[in-house]
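Order of listing sets the numbers, starting from 1, for every ligand and every atom in it.
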Amino acid sequence: MWRVADARLRTVDEHLAQVLDGIGVVDPIEQPLLDAQGLLLAESVVSPVPLPGFDNSSMDGYAVRAVDTKYASLEDPVTLPVVGDIAAGATSRGGMGPGLAMRIMTGAPIPTGADSVIPLEDTDRGVARVAIRRPVRPSECIRRAGEDLAQGQPALGSGAALGPQQIALLAAIGRDRVLVRPRPRVVVISTGSELVEVGQRPGFGEVSDANSYLIAAAAKDAGADAWRYGIVRDDHSALLDVLESQLSRADLLITTGGVSMGAFDVVKQALTELGTVEFTKVAMQPGKPQGFGHLGNGVPIFCLPGNPVSALVSFEVFVRPAIRKLLGKRNLQRSTVQAAALERIESPAGTRQFRRGVLHREATGGYSVSLVGGPGSHLIASMASSNCLVVIDEEVTEVVAGARCTVIPLLLSNR
Ligand code: AMP
Ligand code: MG
């Protein structure tokens, strides 16, 4: 029989709501344009210039007056004297009289006296005189000043996400620095007296510190500037000293380990005494013990369980949305897909279970998912072969093979 839900447990949704309530946004800072990639604009940008900045040619051709080409045809071209060349980068406007033509390059300013451009391919490409083989319409091949964006118009609103297109626009209107919501600075600390630095050969009973790498990588992927502090032993005052020392450089602190019921679970013991960090049991598997609160001047801290799978699932469920909120994003959650389970999945009642899975795209267009590894939260290798989390809701105790379930693809954000 399945265990009945423990009434003292907080649901995943309740804990997430509580956590997000305790997260603000980081104050805006000015950044060089390329460093603003992937961030949200924290100012409204008005264009100081029109785009395009001046009437210019959209083709290589000849600037003419449309009326002078009215009777041109392939059989009976109109021939006009070419009185000059205008290259892109020409800094004066140039001008020409009626009945004349000027050779013009793409992007070059339209000379006064001309009202259209005949493309090169509709001419004989002449140098001293040009034969024009069709009539050109007034304004043909002219890109008008301000037709894309008028001077004084809003270019981008506050909150706009800055991708390549938006960065191009800012560059085009002459902005090389912008005010943005910065990447939150996240400090990651692993706790556990059994831990050794990666690269040091673990002795018997010792374990390489995978979590500070795991969580720092996940935090970077979520958009943070992550920094690995490394390892702190299971020692009350050592932990408090390290946390104290990291406060000034962090917008968010994350510890792993030491939050269970064990005699050496110092994170829980030491921070409970401070009174500003709450330790809770959440109705989820893995990731039941969770700590969240604030230290110092209100720096949020997550205390995640130490098993690597528990740490990753906890990160995905609670910390990633918090980092996105710090970044100022409105959509905090990863998107999910529905997939057909390729095997039967059991799950305890009253608990939201997160299993590691491999998501497949079917030839028919839908998705299917298979599990990798068991429910054990120490299984790092099977976690590494997964590409998604399979979510079994609280009220579901069994997913039969072929039934649909919710899957969170763990796509890299490719920052
Ligand atoms: P804890 O939450 O401290 O009770 O740790 C639970 C399990 O996770 C233990 O088997 C730990 O050895 C393991 N563990 C804790 N921290 C890490 C870490 N940083 N890297 C790898 N395994 C860890
Ligand atoms: Mg521990």
Side-chain angles (χ1 to χ4, degrees), residues 9-10 15 186-222 224 226-243 246 250 252-273 277-293 301-320 351 353-356 373-386 389:
L9 298 191
R10 194 180 276 173
H15 189 59
V186 173
V187 174
V188 184
I189 300 165
S190 288
T191 73
S193 295
E194 74 279 30
L195 301 177
V196 295
E197 268 303 337
V198 172
Q200 225 174 296
R201 199 183 174 82
F204 178 77
E206 294 181 330
V207 176
S208 289
D209 167 27
N211 282 355
S212 67
Y213 285 88
L214 165 72
I215 297 302
K220 273 171 91 168
D221 187 63
W227 191 75
R228 284 179 52 252
Y229 171 82
I231 303 166
V232 185
R233 300 181 64 76
D234 290 323
D235 176 276
H236 196 295
S237 61
L239 174 69
L240 291 180
D241 286 351
V242 167
L243 288 171
Q246 298 307 306
L252 175 68
L253 291 164
I254 306 174
T255 66
T256 65
V259 294
S260 305
M261 306 293 278
F264 300 101
D265 284 329
V266 276
V267 175
K268 184 171 177 179
Q269 293 160 14
L271 296 187
T272 300
E273 284 170 24
V277 183
E278 187 191 15
F279 291 85
T280 321
K281 289 192 184 120
V282 179
M284 64 191 280
Q285 186 189 59
K288 184 169 165 185
Q290 294 290 335
F292 176 76
I301 177 167
F302 284 93
C303 302
L304 308 181
N307 271 307
V309 178
S310 314
L312 177 72
V313 168
S314 305
F315 180 93
E316 283 297 330
V317 176
F318 303 118
V319 188
R320 176 181 287 271
T351 293
Q353 195 186 188
F354 296 89
R355 296 286 296 269
R356 272 65 56 216
S377 46
H378 60 296
L379 301 171
I380 301 183
S382 46
M383 176 168 79
S385 60
S386 72
L389 295 175

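Across Ile215, Leu214, Asp209, a single residue satisfies side-chain contact (heavy atoms from CB on, under 4.5 Å) together with Ser212, and that is Asp209.
Annotation: Ala210 places an N or O atom under 3.5 Å from an N or O atom of ligand 1; distance criterion only. Taking any N or O of Gly258, backbone or side chain, at least one lies under 3.5 Å from an N or O belonging to ligand 1. Between Asp209 and ligand 1, at least one N/O pair is under 3.5 Å apart.
Ligand-side atoms of ligand 1 in range of Ser190: 19 (N), range being under 4.0 angstrom from any heavy atom.
For CZ of Phe279, the number of neighbouring non-hydrogen atoms (other residues, nucleotides, ligands) closer than 6.0 Å is greater than 12.
In this structure the side chain of Asp235 never reaches within 4.5 angstrom of the side chain of Val266, judged on heavy atoms. Side-chain contact between Asn211 and Leu304: absent, with no pair of heavy atoms (C-beta onward) separated by less than 4.5 Å.
Using a non-hydrogen distance threshold of 4.0 Å, Gly262 does not register as a contact of ligand 1. For the pair Ser208 and ligand 1, a heavy-atom separation below 4.0 Å is found.
With respect to atom 4 (O) of ligand 1, the closest heavy atom belonging to the protein is Asp265 OD1, 3.9 Å. Scanning the protein heavy atoms around atom 13 (C) of ligand 1, the nearest turns out to be Gly306 O, 3.8 Å. Ranking protein heavy atoms by distance to atom 10 (O) of ligand 1, first place goes to Asn307 OD1, 4.1 Å. Given atom 17 (C) of ligand 1, the protein heavy atom at minimum distance is Asn211 ND2, 3.2 Å. In this structure, atom 11 (C) of ligand 1 lies nearest to the protein heavy atom Glu194 OE2, 3.0 Å.
When non-hydrogen atoms are compared, ligand 1 lies under 4.0 Å from neither the backbone nor the side chain of Val259.
One finds the OG atom of Ser193 at 10.5 Å from the CD atom of Glu206 (value rounded to the nearest 0.5 Å). Here the CG atom belonging to Leu312 is positioned 12.0 Å from the CG atom belonging to Asn307, to the nearest 0.5 angstrom.
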For Val186 and Val188, run side-chain contact (heavy atoms from CB on, under 4.5 Å): C-alpha distance rounded to whole Å, both residues' side-chain angles, the deciding distance at 0.1 Å, then the answer. CA-CA 6 Å; Val186 173; Val188 184; 4.1 Å; yes

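Proximity of a side-chain donor or acceptor of Asp265 to a complementary backbone N or O of Met261 within less than 3.5 Å is detected.
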